[in-house]
Amino acid sequence: MEKKLCCILAACLAAAGVLAGCGKQGQGSEPVPGGQTQGGENNPGQQESGQPAASEELLSGKHHIKIHMKDYGVIEVELDADQAPITVTNFINLAKDGFYDGLTFHRIIEGFMMQGGDPNGDSTGGSDQEIKGEFSENGVDNTLSHTRGAISMARTDIPDSASSQFLIMHQDGLALDGKYACFGYVTSGMEIVDEICENAVVTDGNGMVSAENQPVIESIEVVD
């Protein structure tokens, strides 16, 4: 199944002053606003879109992770499972399983955000499960804002299409509030985010980075 991923809505594109969407590869279509799969289809063996696994016990409270970046250092993040329990539970489970080990940040827009967690490294991949979008336009009371240092889930125009791809805000992107599932904030290491975003070598106005220049996630360590 062909997958699509972009990270922002058309309204936010104008605010950011950049083209930030992914059309269907090879078809020259208009950009679509950010997600994991196009057309709402499920991958083989995954749960129905937007639904946690039947046996899943959702996390609550605050949790902490360390994103170990090759050649850069460690970005520490506090996750808020009270605001986004499905998102935090999914992210921590993927991290504990080693899903993110060796993946990259493949899309970087200085002054906006950096996006990673795609096993294909080109905005087309994800994990085996899509999750519910925990944001107000999807009926979820999530008050976290996309300020500098926020971590949030990328998705397609389908609300319940987030999977593994996530973004870290380089600067405020408040136009994303209520439209994407913010689930925590960087507590240490924003200088690494600055360095990555300011020195990114992109191939187009959409912030795509060629494979050889993509910053590598050595691992995501779950602290608690």
Side-chain angles (χ1 to χ4, degrees), residues 3-8 12 16-22 25 34-36 64-79 87-88 90-92 94-127 146-155 162-173 176 180-223:
K3 291 187 175 180
K4 295 283 166 228
L5 183 67
C6 309
C7 117
I8 64 179
C12 186
V18 295
L19 174 64
C22 303
Q25 292 181 359
Q36 208 67 43
H64 300 86
I65 62 168
K66 293 182 179 181
I67 304 174
H68 296 265
M69 297 298 303
K70 183 179 181 181
D71 299 326
Y72 287 98
V74 178
I75 303 170
E76 299 183 19
V77 185
E78 181 177 79
L79 308 180
T87 305
V88 172
N90 178 70
F91 190 89
I92 285 182
L94 290 174
K96 285 182 174 179
D97 288 343
F99 180 90
Y100 291 111
D101 297 359
L103 300 189
T104 63
F105 284 94
H106 63 275
R107 185 167 178 253
I108 303 170
I109 301 175
E110 183 182 358
F112 184 41
M113 61 89 221
M114 60 185 201
Q115 178 177 324
D118 174 12
N120 295 341
D122 60 4
S123 281
T124 66
S127 66
H146 289 79
T147 54
R148 171 173 161 83
I151 185 171
S152 184
M153 294 303 293
R155 65 174 181 87
S163 178
S164 67
Q165 291 194 47
F166 66 96
L167 53 103
I168 296 176
M169 302 303 298
H170 182 214
Q171 301 295 344
D172 294 357
L176 302 184
Y180 291 83
C182 182
F183 61 105
Y185 295 95
V186 172
T187 58
S188 177
M190 275 305 296
E191 71 278 2
I192 294 174
V193 176
D194 290 337
E195 184 178 0
I196 290 173
C197 290
E198 291 166 4
N199 296 315
V201 179
V202 302
T203 61
D204 58 24
N206 198 33
M208 297 302 293
V209 180
S210 59
E212 64 272 17
N213 292 320
Q214 292 175 5
V216 175
I217 301 169
E218 289 186 321
S219 66
I220 296 182
E221 173 189 354
V222 178
V223 178

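From Thr147, atom OG1 reaches atom CG of Asp172 across 5.5 Å, with rounding to the nearest 0.5 Å. Ile220 contributes atom CD1, which lies 8.0 Å from atom CG of Leu103 (distance to the nearest 0.5 angstrom). Rounding to the nearest 0.5 angstrom, the gap separating the SG atom in Cys197 from the CD1 atom in Ile168 is 8.5 Å. The distance from atom SG of Cys182 to atom NE2 of His146, rounded to the nearest 0.5 Å, is 5.0 Å. Taking CD1 of Ile92 as the start and CD1 of Ile65 as the end, the distance is 7.5 Å to the nearest 0.5 Å. Atom OG of residue Ser163 and atom CZ of residue Phe91 lie 11.5 Å apart, to the nearest 0.5 angstrom.
Across Pro119 and Ser164, no two heavy atoms sit closer than the pair CD-OG, 4.1 Å. Gly207 and Val202 make their closest contact through O-CG1, 3.8 Å (heavy atoms, listed as atom of the first residue, atom of the second, distance). Taking all atoms of both residues into account, the shortest heavy-atom contact from Ser127 to Leu94 is CB-CD2, 3.9 Å. Between Pro215 and Met69, the shortest heavy-atom contact is CB-CE, 3.8 Å. For Gly117 against Phe99, the heavy-atom pair with the smallest separation is O-CE2, 3.9 Å. The two atoms that bring Ile108 and Ile196 nearest to each other are CD1-CG2, 3.7 Å, heavy atoms only.
Counting only heavy atoms from C-beta outward, the side chains of Val74 and Ile67 never approach each other to under 4.5 Å. Under the 4.5 Å side-chain criterion, counting only non-hydrogen atoms from C-beta, Asp101 is not in contact with Ile217. In this structure, Arg107 and Asn206 have side chains that are in contact, with non-hydrogen atoms separated by less than 4.5 Å. Taking 4.5 Å as the limit, every side-chain heavy atom of His170 sits out of range of all side-chain heavy atoms of Phe112. The side-chain heavy atoms of Leu176 and Met169, taken from C-beta on, include a pair separated by under 4.5 Å. No side-chain heavy atom of Val77 sits under 4.5 Å from any side-chain heavy atom of Tyr185. Counting only heavy atoms from C-beta outward, the side chains of Val209 and His106 never approach each other to under 4.5 Å. With contacts defined as side-chain heavy-atom distances shorter than 4.5 Å, the pair Leu167/Ile151 does not qualify.
Within the 3.5 Å criterion, the main-chain N or O of Asn120 finds a donor-acceptor partner in the side chain of Asp118.
Evaluation of the side chain to side chain donor-acceptor pair (under 3.5 Å) rule for Gln214 yields Thr104 as partners, not counting sequence neighbours. Partners of Ser210 according to the side chain to side chain donor-acceptor pair (under 3.5 Å) rule, which considers only residues two or more places apart in sequence or in another chain, are Glu212, Asn213. Qualifying side chain to side chain donor-acceptor pair (under 3.5 Å) partners for Glu218, counting only residues two or more places apart in sequence or in other chains: none. Applying the side chain to side chain donor-acceptor pair (under 3.5 Å) test to Glu110 and every residue at least two apart in sequence or in another chain returns nothing.
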Verify ring pair (Phe, Tyr, Trp, His ring centres under 6.0 Å) between Tyr100 and Phe166, making sure each step is shown before the conclusion. CA-CA 11 Å; Tyr100 291 111; Phe166 66 96; 5.6 Å; yes
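Listed by first and then second residue, the salt bridge (Lys or Arg N to Asp or Glu O under 4.0 Å) pairs that reach into residues 194-209 are Arg148-Asp194, sequence neighbours excluded. Each salt bridge (Lys or Arg N to Asp or Glu O under 4.0 Å) pair with one or both residues in residues 66-78, not counting sequence neighbours, appears once here: Lys62-Glu78.
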